[in-house]
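Worksheet: one structure, shown below.
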Amino acid sequence: MAKELTSRSENYSQWYQDLVIKADLAENSAVRGCMVIKPYGYAIWEKMQAELDRMFKETGHVNAYFPLFIPKSFFSKEASHVEGFAKECAVVTHYRLKTDEVNGGVIVDPDAKLEEELIIRPTSETIIWNTYRNWIHSYRDLPILINQWANVVRWEMRTRLFLRTAEFLWQEGHTAHETMQEAIEETEKIINIYADFAENFMAMPVVKGLKSANERFAGALETYSIEALMQDGKALQSGTSHFLGQNFAKAFDVKFSSKEGKEEYVWATSWGVSTRLMGALVMAHSDDNGLVLPPKLAPFQVVIVPIYKNEEQLALISEKVKEIMAKLKTIGISVKYDDNDNKKPGWKFAEYELKGVPVRLAMGPRDIENGTVEIARRDNLTKTVVALDGVEDYIENLLVEIQSSIYDKAFEFRKQNTFKVDTYEEFKEALKKGGFLLAHWDGTSETEDKIKAETKATIRCLPLEYEEEAGVCIYSGQPSKRRVIFALAY
RNA sequence: CGGGGUAUAGCGCAGUCCGGCUAGCGCACCUGGUUUGGGACCAGGGGGUCGCAGGUUCGAAUCCUGCUACCCCGACCA
């Protein structure tokens, strides 16, 4: 980690990127704006994937895979969708290279120009709805509840590891329904799954809400999102679920015969979370010693470091360690034994703190003599010496305790950084400190645009849970029935 | 695309203003030894077209011209 940068410092973004690189999660690739996810980082992503995949399947979804390339013409079919994505598409124009006889090297073969350019998917609505047209004819074909795990490309101007990369990994769900009601229920079901995952696995409190018209997904009638607060006071949109109405069905002519024998357009939803969640996880919990991973997502939950002066001591320790490891494994706790002789214990302690391993055991000659082991927890950096007897139960409880304690800390942070503001002056003042600002808004895009232009703050969402409260818009003074969340956002 | 900055060993940097022996430091790496309860120490060693191209000069990392790449701050976005 950079020496002078801390988790709350001015240049938080620099600190964050340093941390991601030093903790061995990812690095910038040779391709502008893309990243290499390293094995340790990928292991966290795999954990996230596994849990989300399970949650989707438990709610009746199935996985499938659609093409990476989308014919350009597909994009022009849904007007607002094109507008939303046109500015950031990578386009394939040729299919062949040839050697450059003049200057050496290779050049694009001008004779290999494609008839129709292919867009590298920035999202898959278009190609999927083009496919659904052939799959759906009757109400008996519905619903279709499909998810795909894939990579997408959005040519962003400015990138940040995990938070905004030109290529990223995600899952995107695309469902088709008979009725509007059913589609809306699906949209809400998914946002609840996302919130559940964020809070119970990532230990990151989120606010579920509706996006304002300005912030809505290109082509959606309604966008639900989960919003989390990062340690520098900025908001991070961490997952979205869209009610698409009949927009894509109409654009791609997807109709079905209803029970009544009438021809009707299909109702749609789409939803996704991405490797951005990795960024959220890092930013939500890390401290100046490095990552703090919630036990449920840590690639390994426990690391054991032996401390020894000679081979005999190491042999004694290793024997005890093997017993502990066996016990931990039978109760489903993942554990790594680091008996690498090339690094000293102090180095290992620092290294695993940087990597956010929730629990660290240290065992040395003293412990062998006393029948004990030293247990250090990553979240609050405390150390305790406990008896070997029953240590697996102790650790099992400790992991549960750490998981909830990390959540509580993040929740408390959000609570301390959520403010009600009633005037525009208060609003601007509060914005300097960051956090979620609860304010009245007149509901118009004009007001939202002006506030954004003047302060850079945007409406993060209209929380699903709120109290009715008469008030006046902080900007226009027009009446308002409820508060919405404003914040500076990533 | 605007504003600012950087480019010298795998990584982080000094040297550039004011040109001068064989381009230096820390970390990492290799060898040997001593170490091991919070990022060990000693000794020795390897590794460089100084971003690229051209120019000035007896002599260029250093001065001049052009180019390229990357980073930060904005605009845009999950």
Side-chain angles (χ1 to χ4, degrees), chain A residues 1-3 5 10-18 21-22 27-33 83-89 122-123 151-172 194 211 214-218 220 223 225-228 235-242 270-280 289-290 305-311 313-314 317 338-354 360-370 372-374 376 381 383 385 452-453 456 458 460 488-490:
Chain A
M1 216 163 324
K3 322 107 222 166
L5 296 174
E10 283 288 296
N11 202 335
Y12 187 79
S13 137
Q14 182 85 63
W15 171 81
Y16 163 79
Q17 296 223 28
D18 263 9
I21 291 165
K22 293 197 175 159
E27 63 188 30
N28 285 303
S29 82
V31 181
R32 177 212 160 275
E83 208 181 306
F85 287 102
K87 303 183 290 289
E88 51 185 27
C89 287
T123 179
N151 54 346
V152 289
V153 169
R154 296 182 189 175
W155 213 259
E156 302 291 349
M157 290 163 180
R158 180 139 175 256
T159 60
R160 264 188 247 266
L161 289 173
F162 289 120
L163 300 179
R164 190 178 304 107
T165 40
E167 178 188 3
F168 56 93
L169 306 182
W170 76 346
Q171 59 69 216
E172 48 180 327
Y194 287 162
K211 284 292 188 185
N214 284 8
E215 301 278 322
R216 213 171 269 156
F217 175 74
T223 289
S225 78
I226 51 171
E227 301 285 332
L236 184 72
Q237 176 174 309
S238 307
T240 47
S241 180
H242 315 291
S270 72
W271 27 274
V273 292
S274 70
T275 38
R276 169 178 269 197
L277 287 181
M278 299 275 299
N289 293 323
V305 177
I307 297 159
Y308 56 93
K309 295 201 201 305
N310 52 51
E311 287 297 319
Q313 279 184 357
L314 177 61
I317 293 165
D338 186 352
D339 60 352
N340 183 349
D341 193 39
N342 298 327
K343 301 281 192 248
K344 296 188 61 180
W347 191 92
K348 293 176 186 172
F349 294 171
E351 180 67 10
Y352 292 113
E353 271 163 25
L354 183 59
R360 183 186 73 233
L361 306 189
M363 185 179 271
R366 228 153 53 201
D367 296 298
I368 295 294
E369 208 168 299
N370 304 334
T372 57
V373 64
E374 182 189 80
L381 297 168
K383 291 194 272 198
V385 175
K452 185 178 180 183
K456 289 174 196 148
T458 49
R460 297 325 303 154
L488 295 172
Y490 274 99

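Heavy-atom basis, side chains included; hydrogens, waters and symmetry copies ignored. So you know, we letter chains A, B, ... as the sequences are listed, proteins then strands, and number each from 1.
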Contact class for [X] (heavy atom, under 4.0 Å): base, sugar-phosphate, or nothing?
| X | value |
| --- | --- |
| A:E156 | base |
| A:K211 | nothing |
| A:T240 | nothing |
| A:K87 | sugar-phosphate |
| A:F168 | base |
| A:L163 | base |
| A:E215 | nothing |
| A:T223 | nothing |
| A:N310 | nothing |

Could you tell me how far apart [X] ([atom1]) and [N] ([atom2]) are, to the nearest whole angstrom?
| X | N | atom1 | atom2 | answer |
| --- | --- | --- | --- | --- |
| A:R164 | B:C76 | CZ | C1' | 8 Å |
| A:N342 | B:A28 | CG | P | 13 Å |
| A:Q313 | B:G37 | CD | P | 11 Å |
| A:N28 | B:U6 | CG | C1' | 15 Å |
| A:L361 | B:G37 | CG | P | 17 Å |
| A:Y352 | B:G38 | OH | P | 17 Å |
| A:K348 | B:G37 | NZ | P | 11 Å |
| A:E351 | B:G38 | CD | C1' | 13 Å |

How far, in whole Å, is [M] from [N] if one measures between their [atom1] atoms?
| N | M | atom1 | result |
| --- | --- | --- | --- |
| B:A9 | B:C25 | C1' | 12 Å |
| B:C63 | B:U16 | C1' | 10 Å |
| B:A43 | B:A28 | P | 15 Å |
| B:C21 | B:C58 | C1' | 15 Å |
| B:U49 | B:G12 | C1' | 22 Å |
| B:C17 | B:G54 | P | 22 Å |
| B:A23 | B:C50 | C1' | 8 Å |
| B:G24 | B:G48 | C1' | 12 Å |

_Which nucleotide wins on minimum distance to the side chain of A:K452, given the candidates B:C77, B:G39, B:G37?_
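Minimum distance to the A:K452 side chain belongs to B:C77.
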*asked:* Can you identify which nucleotide, out of B:G38, B:G37, B:C76, has its nearest atom closest to the A:I307 side chain?
replied: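 Nearest to the side-chain atoms of A:I307, counting from C-beta on, is B:G37.
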Is there a Watson-Crick or G-U wobble partner for [N] with both distances under 3.5 Å, and if so, which one is it?
| N | value |
| --- | --- |
| B:G66 | B:C52 |
| B:C21 | none |
| B:G38 | none |
| B:U31 | B:A43 |
| B:U16 | none |
| B:G2 | B:C73 |

*Parallel, tilted or perpendicular, as decided by the 30° and 60° cut-offs, for the rings of A:W15 and A:Y12*: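 A:Y12 and A:W15: tilted rings.
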*Cation over ring face, A:K343 and A:W347, 6.0 Å, 45°*: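 Pair A:K343/A:W347 counts as cation-pi.
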*Examine A:R360 relative to A:F349 and say whether NZ or CZ is less than 6.0 Å from the centre of the six-membered ring and inside a 45° cone about the ring axis.*
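Yes, A:R360 lies over the aromatic ring of A:F349.
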_Salt bridge check, A:E167 against A:R154: does any charged N sit closer than 4.0 Å to a carboxylate O?_
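Salt bridge flag = no for A:E167 with A:R154.
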_Looking at A:E215 and A:R460, is any side-chain nitrogen of the basic one under 4.0 Å from a carboxylate oxygen of the acidic one?_
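Judged by the 4.0 Å cut-off on N to carboxylate O distance, A:R460 and A:E215 do form a salt bridge.
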*Taking for each residue the nucleotide of RNA chain B with the nearest heavy atom, is it A:E167 or A:K456 whose nucleotide lies nearer the 5' end?*
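Whichever sits nearer the 5' end wins; that is A:K456.
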*5′-ward residue of the pair A:D367/A:K343 relative to RNA chain B*: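 Result: A:K343.
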*Between OH of A:Y308 and CG of A:N310, what distance do you get to the nearest 0.5 Å?*
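Between atom OH of A:Y308 and atom CG of A:N310 there are 10.0 Å.
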*Answer yes or no: is there a donor N or O on one side and an acceptor on the other, between the side chain of A:K348 and the main chain of A:D338, under 3.5 Å?*
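Yes; judged by distance alone, with no hydrogens or angles, the pair exists.
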*asked:* Looking at A:E374 and A:K383, would you say the former's side chain and the latter's main chain have a donor-acceptor pair under 3.5 Å?
replied: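 Pair absent, no side-chain N/O of A:E374 close to backbone of A:K383.
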